Amino acid sequence: MKMKADRHTVLVGGKRLELSRLNKVLWPEAGLTKADLIAYYWQIAPRLLPHLYKRPLTLTRYPDGIEEGMFYQKDTPSYAPDWLKTYRVVSDDSREIRYLLAEDEATLVWLANQAAIELHPWMSTTDHPDYPSYAVVDLDPATGAEFGDVVEIAGLVRVLLQELGLKGYPKLSGASGIHIYIPLWPRYPYRLTSRFVGYLGELIVKAYPQKATNERLVAKRDGKVYIDHLQNLPGKTIVAPYVPRPLPHAPVSVPVEWEELIVTGSGRGVQPHDFTLADIKVILARPPLFEQMYQAPQSLDKIMPLFAAGEKEGQKVH
DNA sequence: TACCTTA
DNA sequence: TAAGGTAACCCATAT
DNA sequence: ATATGG
Ligand SMILES: [Mn+2]
Ligand SMILES: [Mn+2]
């Protein structure tokens with residue numbers, strides 16, 4: 001049976017958008033369609049946009065749903081509407097990429113119609129492209145590790161940060177791990193923020209080698225939680241908060257309170273897939289936990305000597 | 001998803 | 001006309 | 001040098 005006029009024209013923020021194949025199923029197991037994705041992005045816009053402002057994007061697109069082929073996209077295609085904001089980067093080999101900037105509802109809706117399920121913003125803004133405005137502690141459970149282990153390691157990260165006079169903001173990755181954002185003044189280059197997180201990782205592995213690991217070789221991670229500091233290097237990105245994942249039940253990466261994660265006594269802490277695309281109302285009803293981040297950038301100046309030994313300008317002298 | 005290239 | 005291809009990175013680290 | 005992982 002063929003669905004009739006599976007398309008609609010909508011007006012978003014003064015822009016006319018042609019939406020296509022609205023009934024196409026993107027998450028077969030959950031029965032969620034492109035219409036659902038568009039509705040989600042439209043509604044979540046006020047929560048999401050602050051985290052995308054001035055941040056060039058990498059997209060992951062799934063035009064035939066999460067069980068079919070995907071592709072990454074950085075360069076804005078020529079067929080994109082001319083009102084889209086872009087940021088031009090010319091690499092050494094003079095290749096040019098026009099990165100997309102998503103700074104309004106209309107752009108989000110257009111992206112969703114393109115079946116761009118995931119948005120991965122830079123950790124730096126176009127104001128200071130080489131200086132990230134946050135570092136991320138990316139906690140990835142290896143096979144055999146449980147989410148409780150991830151939470152345990154996250155708790156150690158929290159205490160360690162407190163020890164260093166810093167504050168971190170946790171979110172569910174939406175897959176199986178946790179991302180802890182550490183807002184910074186945009187004055188430390190990527191190399192250094194990566195080194196900083198690597199230092200945190202070393203301390204935690206030293207303190208808890210049973211469950212934390214730095215091993216780059218998957219085989220040596222066994223049932224442990226991998227502290228992936230390399231995720232902070234230039235060109236790497238992490239899925240933005242409030243972005244859905246291309247996994248069976250459309251779980252969403254959602255900021256959480258430390259107290260929701262680390263539950264004392266008999267209660268059950270928040271679980272990795274507690275929020276899905278279908279839970280848009282629940283997600284919107286939660287406080288915007290990450291928004292204060294940008295009002296509270298932090299300094300690494302005092303603790304830099306602990307991990308930046310011989311860093312300086314970064315290059316080898318000879 | 002949309003476009004381009006090739007048969 | 002239709003089928004097939006393309007749409008991104010790359011480097012820190014280990015061996 | 002080459003492989004690996006994310
Ligand atoms: Mn991760
Ligand atoms: Mn990772």
Side-chain angles (χ1 to χ4, degrees), chain A residues 6-8 17-26 33-35 37-38 41 56-66 68-82 84 86-93 95-100 107 109-124 129-130 136-143 173-179 189-199 201-202 205 213-221 224-239 245-246 307 311 314-316:
Chain A
D6 192 11
R7 350 175 25 98
H8 281 292
L17 289 170
E18 189 74 10
L19 306 180
S20 60
R21 309 238 201 166
L22 290 169
N23 299 320
K24 171 160 294 184
V25 175
L26 297 185
T33 63
K34 193 144 74 78
L37 181 67
I38 293 167
Y41 269 115
L57 293 176
T58 297
L59 318 173
T60 67
R61 294 183 53 193
Y62 295 77
D64 294 314
I66 65 168
E68 304 299 326
M70 63 82 69
F71 58 92
Y72 288 86
Q73 188 169 312
K74 291 181 163 177
D75 197 23
T76 303
S78 51
Y79 53 81
D82 55 12
L84 285 180
T86 61
Y87 176 71
R88 181 186 287 93
V89 175
V90 180
S91 51
D92 300 332
D93 47 337
R95 271 180 328 199
E96 171 184 305
I97 293 183
R98 289 159 57 236
Y99 284 90
L100 189 69
T107 300
V109 170
W110 181 78
L111 283 169
N113 187 60
Q114 291 289 101
I117 291 183
E118 292 180 312
L119 313 180
H120 299 244
W122 286 11
M123 297 181 197
S124 52
D130 299 327
V136 176
V137 183
D138 174 26
L139 301 179
D140 296 329
T143 56
S173 78
S176 55
I178 290 176
H179 301 149
Y190 279 97
R191 297 293 186 299
L192 195 117
T193 59
S194 173
R195 219 169 242 254
F196 162 58
V197 175
Y199 170 71
E202 280 174 27
V205 169
T213 180
N214 273 345
E215 281 294 347
R216 300 228 2 344
L217 244 32
V218 161
K220 303 181 88 171
R221 294 181 196 161
K224 300 175 187 172
V225 177
Y226 177 52
I227 303 167
D228 182 10
H229 71 281
L230 298 172
Q231 203 62 46
N232 291 278
L233 288 171
K236 305 275 192 180
T237 55
I238 286 229
V239 71
R245 310 304 304 272
F307 57 86
E311 183 72 12
Q315 299 315 321
K316 69 164 86 172

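FYI, side chains are in, hydrogens and waters are out, and symmetry mates aren't considered; it's all heavy atoms of this structure. Chain letters run A, B, ... following the sequence lines, proteins first, then strands; residues in each count from 1. Owing to the predicted nature of the structure, the values given are computational and were not obtained by experimental measurement.
A distance-only check finds a donor-acceptor pair linking the side chain of A:Arg61 to the backbone of A:Gln114 [under 3.5 Å]. At least one donor-acceptor pair under 3.5 Å links the side chain of A:Tyr190 to the backbone N or O of A:Ser124.
No hydrogens or angles were tested; on distance alone, a donor-acceptor pair under 3.5 Å links the side chain of A:Arg216 to the base of C:dA12.
Relative orientation of the A:Trp122 and A:Tyr87 rings is perpendicular, given thresholds of 30° and 60° on the angle between their planes.
The environment of CG in A:Asp93 is crowded: more than 12 heavy-atom neighbours from other residues, nucleotides or ligands sit within 6.0 Å.
Taking the P atoms as reference points, C:dA8 lies 23 Å from D:dG6, given to the whole Å. Across the C1' atoms, B:dT1 and C:dC10 are found 27 Å apart, a figure rounded to whole Å.
A residue-by-residue look at A:Pro234 and A:Glu215 shows that A:Pro234 has its nearest nucleotide of DNA chain C further toward the 5' end. Annotation: of the two residues near DNA chain C, A:Leu230 and A:Phe71, the 5′-most nearest-nucleotide partner is A:Phe71.
Annotation: side chain of A:Ser173 is in contact with side chain of A:Arg245 (closest heavy-atom distance under 4.5 Å). Looking at A:His229 and A:Phe196, their side chains never come closer than 4.5 Å, going by heavy atoms from C-beta outward.
Rounding to whole angstrom units, OH of residue A:Tyr79 and C1' of B:dC3 are separated by 7 Å. Distance, A:Lys34 NZ to B:dA2 P: 7 Å, rounded to whole Å. Spacing between atom CD of A:Gln114 and atom C1' of C:dT6 amounts to 14 Å, rounded to whole angstrom units. Following rounding to the nearest Å, A:Lys220 (NZ) and C:dT13 (P) show an atom-to-atom distance of 15 Å. Taking atom OH on A:Tyr226 and atom P on D:dG6, their separation rounds to 6 Å, with Å as the unit. Atom pair A:Arg221:CZ and C:dT13:C1' shows a separation of 12 Å (rounding to whole Å applied). Atoms CG (A:Leu59) and C1' (C:dT6) sit 15 Å apart, rounded to a whole Å. The NE2 atom of A:His229 sits 7 Å away from the C1' atom of C:dA12 (whole-angstrom rounding).
Side-chain proximity of A:Ile97 to C:dT15, B:dT1, C:dC9: nearest is C:dC9. Candidate nucleotides B:dT1, D:dG6, C:dA14 were compared by shortest atom distance to the side chain of A:Pro63, and B:dT1 ranks first. Checking B:dT1, C:dA8, C:dA12 against every side-chain atom of A:Arg191, the shortest atom distance belongs to C:dA12. Here the side chain of A:Arg21 is nearest to one of C:dA8, B:dT1, C:dT15, namely B:dT1.
Between A:His179 and D:dG6 there is no side-chain N or O to OP1 or OP2 distance below 4.0 Å. For C:dC11, neither phosphate oxygen OP1 nor OP2 lies less than 4.0 angstrom from any side-chain nitrogen or oxygen of A:Lys236. Applying the 4.0 Å criterion to OP1 and OP2 of B:dT1, one finds that A:Lys24 has a side-chain N or O inside that range.
Residue A:Asp75 is in sugar-phosphate contact alone, with no base atom involved, counting any heavy-atom pair closer than 4.0 Å across all strands shown.
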